[in-house]
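Read the numbers this way: they start at 1 and go in the same order the structure lists the ligands and their atoms. Along the sequence shown, residues are numbered consecutively beginning with 1.
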Amino acid sequence: NAVIPPTHPRYRSLLEREKVVEGAKEGYVALQGLIAQGRGECFDYLIGEETQSFAMKAMEAAAAALLLAKHPVISVNGNVAALTPREVVQLAEAVPALIEVNLFYRTREREEKIAEILRRHGAVKVLGVGEDASCTIPELFSERRRVSCEGIYKADVVLVPLEDGDRTEALRRMGKTVIAIDLNPLSRTAQAASITIVDNVTRAMPKLVEAVKAMKALDRGQLAQILERYDNKKTLADALRHILKRLEQLANSLDPRNA
Ligand code: PTJ
């Protein structure tokens, strides 16, 4: 176990990396999840490791969609269980929404370990474990096609932090509203989701919990208006422009020819 001093300039990022590594050692984070985390870190550098306004806007729309939903479900994989188990449970309580374990690299052992982590953080009911995942998402060939009939299969709104593109597209084809949290605005998930929060799950999840709590005071008409005005293509364009502008500024500040 690496000891990271809190004074380290990259303390937060290193701590998160350790959590994912620990999860892999304990056998519930997929090895591919380590690669995913590294890819996320790279995009977090590019956006500036802070929640940006395009993510806040997407979060507001996401909170509205969750509060308006008839049957909202939060999908949890290995990385999410390692990084934000407490916030998953808090969000499920605040909405309220169901929690379902749904893995790309599915094994019974990982499902059970993840469900146990969520229960340890206060989850009363966790769907998607073992025989509970007996419904199938059409046209999907990964193990992620197996879902709970009471959960994702029936859901009208699904929150999928760190998702793969194929399933996002398949869920959209089933007519569901898909909310993704993905640091990469170019990923197929980010492009295919109804609402994409381009931010680190560790920053986005607590903010989403707060947004849901604050927006509970709004009536359905106001929530519907927020959702209607939201445009995901604009969010993705804003995220890319933010990276472009930031890199331009950084390059200019480094360039001796500008001195
Ligand atoms: O636990 P499993 O079996 O369901 O597997 C989970 C992973 C993440 C391994 C699986 O879904 C996968 O392979 O995902 P991808 O296709 O690598 O996509 C992960 C996406 O999440 C990438 O676009 C990353 O940029 C992004 N990402 C990684 N870490 C974070 C992140 N986005 C937000 N916050 C992060 N901490």
Look only at interatomic distance and state if [X] has a nitrogen or oxygen under 3.5 Å from any nitrogen or oxygen of ligand 1.
| X | value |
| --- | --- |
| D164 | no |
| Y105 | yes |
| G78 | yes |
| A30 | no |
| R39 | yes |
| R110 | yes |
| L183 | yes |
| L103 | no |
| N200 | yes |

For atom 33 (C) of ligand 1, is there a protein heavy atom at a distance under 4.0 Å? yes
Does atom 7 (C) of ligand 1 have any protein heavy atom closer than 4.0 Å? no
Residue, atom name and distance, where the atom is the protein heavy atom closest to [atom]:
| atom | value |
| --- | --- |
| atom 28 (C) of ligand 1 | A36 O, 2.9 Å |
| atom 4 (O) of ligand 1 | F104 N, 2.8 Å |
| atom 31 (C) of ligand 1 | L162 CD1, 3.6 Å |
| atom 18 (O) of ligand 1 | E163 O, 3.8 Å |
| atom 26 (C) of ligand 1 | D182 OD1, 3.4 Å |

Excluding sequence neighbours, so at least two apart, what forms side chain to side chain contact (heavy atoms under 4.5 Å, CB included) with Y153? C135, V147, M174
At less than 4.0 angstrom from any non-hydrogen atom of [X], what atoms of ligand 1 do you find?
| X | result |
| --- | --- |
| N184 | 23 (O), 25 (O) |
| Q37 | 29 (N), 36 (N) |
| Q32 | 9 (C) |

Residue part near ligand 1, for I35, under 4.0 Å between non-hydrogen atoms: neither
Step-by-step side chain to side chain donor-acceptor pair (under 3.5 Å) determination, T202 to E16: CA-CA 8 Å; T202 57; E16 286 165 10; 2.9 Å; yes
Exercise: identify the closest heavy-atom pair between [X] and [Y]:
| X | Y | answer |
| --- | --- | --- |
| A190 | P185 | CB-O, 3.7 Å |
| R146 | A133 | NE-O, 3.5 Å |
| P138 | A170 | O-CB, 4.2 Å |

Over 12 non-hydrogen atoms of neighbours within 6.0 angstrom of CZ in R173: yes
Above 12 or not: heavy atoms from other molecules or residues under 6.0 Å from CZ of R10? yes
Looking only at side-chain N and O atoms, does [Y] offer a donor or acceptor that is under 3.5 Å from a partner on [X]?
| X | Y | answer |
| --- | --- | --- |
| T51 | K207 | yes |
| R110 | T107 | no |
| R167 | S75 | yes |

Option whose closest heavy atom lies nearest to atom 9 (C) of ligand 1, chosen from S187, A204, G33, G165: G33
Please list, chain by chain and in numerical order, all residues satisfying salt bridge (Lys or Arg N to Asp or Glu O under 4.0 Å) with E100, sequence neighbours excluded. none
Name the one of L171, V178, I179, N232 that satisfies side-chain contact (heavy atoms from CB on, under 4.5 Å) with S194? V178
Sub-4.0 Å heavy-atom contact, D199 with ligand 1: yes
Decide yes or no on salt bridge (Lys or Arg N to Asp or Glu O under 4.0 Å) for E131 and R108, but give the supporting numbers first. CA-CA 10 Å; E131 285 73 50; R108 182 69 184 251; 3.4 Å; yes
